[in-house]
Protein chains: 2
Amino acid sequence: MTDGVVERSRPRDRILETARDMFHKHGIKGVGVDAITEAAGTNKMTLYRHFESKDELIVECLRANAAKAGAMWDAFEAEFPGDKLAQVHAWVRKAAAMLNADGRGCDMANAAAELTEPDHPARLVIKELKEAQRARLVTLCRDAGIGQAELLADTLSLLFEGARVSVQTVGTEGPSTQFVRMAEGLIVSFRGTAAG
Amino acid sequence: MTDGVVERSRPRDRILETARDMFHKHGIKGVGVDAITEAAGTNKMTLYRHFESKDELIVECLRANAAKAGAMWDAFEAEFPGDKLAQVHAWVRKAAAMLNADGRGCDMANAAAELTEPDHPARLVIKELKEAQRARLVTLCRDAGIGQAELLADTLSLLFEGARVSVQTVGTEGPSTQFVRMAEGLIVSFRGTAAG
DNA sequence: CTAGGGTGTTACCGGTCTGTAACTATGCAA
DNA sequence: TTGCATAGTTACAGACCGGTAACACCCTAG
């Protein structure tokens, strides 16, 4: 039996997990590879044996985040099998929970704010992962029988995205406190219109 | 006659203006003081005679941004004197214009994403300036005779904030294209409810 | 027992970062 | 002309950055 998932896992996994946590808390440019490897209980050489550069490590961290987000969608389906409308409401609750979880916003959005080079490898994966998220929410809304599913999904997306940066700038007592009310009101409103 | 506002202004003003531009384009941690002073046509010593540290320069840049934002509100009042509802719609148009202006989001939000130290001097001014913006929009909505002015203002704020980060992550062709429609729809909807 | 792959250690490279010291040049005002 | 504030120049300190070289150390598979 392994005594601690983080401590006794392979160095590559520890590095990835530690980097994800530190990038999230302190920003990408705010963390050096030395700090990551030390926190992961390893060293710089081992990092560069598994990742060819810091940029590649960043990309892998973002992909790992996306994988966790994908698991979230699967959890909705598992909790409310077939009931797409319930899953939409579950998404709202999950989003609200994230807002109060910590004062840091979305890792993808934060990375996009930091990595300004237009051809940075991370920008590509950020874009495609955000588009995948959007597609899943659109599909969910559509399958829930809501008219104008794209518009509702986009509105909910922007509200959530905005709430995350609002938490980061003014804290949890700002406009983001109204997020659930806004989202639920919108869903009701859109369900009132034509339902395909 | 001075031949160029930027070139012949005082060094302090040139540094401030140049820093604002470069922080906006490349991020705060992505720009060094050497690069700023060189682009401003001066040198590092002069910068440190006018600003006691890079952090103080950052704070001054954020304050300058807020001053420009304040001028925007005054422009609304000048264009539609007394007509608060028209000013709300002017805000929507202005916000939409900002979305397509460039792919970079709000400087305050980006700074908050980069400067993660909880006691960083910039975090205080970011919070108070964001709260001031929110207060102005709430007041405008209330004076426009809209019921639930706070809720509408917060919703519009989150939508705009979210649209700015969406532009930064997936570009101008993403959910942000629907911003005006969402905002106008919300205003109509809120005007339909009780009007005080 | 042995061979080899994964890992750890130390030292280093060249570059960049914020911030400072010491000195020189300029322009304006009395 | 003298005096002074402002600005420019060069050089540097001390720290950190991403990334690499060379070598010693396991642990396990054969």
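To find a chain, count down the sequence lines: A is the first, B the second, and so on, and within it residues start at 1. Just so you know, these numbers come straight off a predicted model, no measurement behind them.
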Are A:L47 and A:V31 linked, directly or through other ILVMFWY residues, by side chains that come within less than 4.5 angstrom of each other? yes

Electrostatic pair B:E17-B:R12, nearest N-O below 4.0 angstrom: no

Any donor-acceptor pair under 3.5 Å linking the side-chain atoms of A:D102 with those of A:H24? yes

Could you label the plane-to-plane angle of the B:F160 and B:F179 rings as parallel, tilted or perpendicular, counting under 30° as parallel and over 60° as perpendicular? tilted

A:G185 backbone acceptor or donor facing A:S189 side chain under 3.5 Å: no

Have B:E117 and A:H26 got a donor and an acceptor in their side chains that come within less than 3.5 Å? no

I'd like the 5' and 3' limits of the part of DNA chain C contacted by chain B, with heavy-atom contacts below 4.0 Å. C:dT18 to C:dA22

Shared ILVMFWY cluster between A:M45 and A:L16, side chains joined below 4.5 angstrom? no

Would you mind building the protein contact string for nucleotides 7-26 of chain D? One character per nucleotide, 5' to 3', B for base within reach (heavy atoms under 4.0 Å), S for sugar-phosphate only, - for untouched. BBB-------SBBBBB----

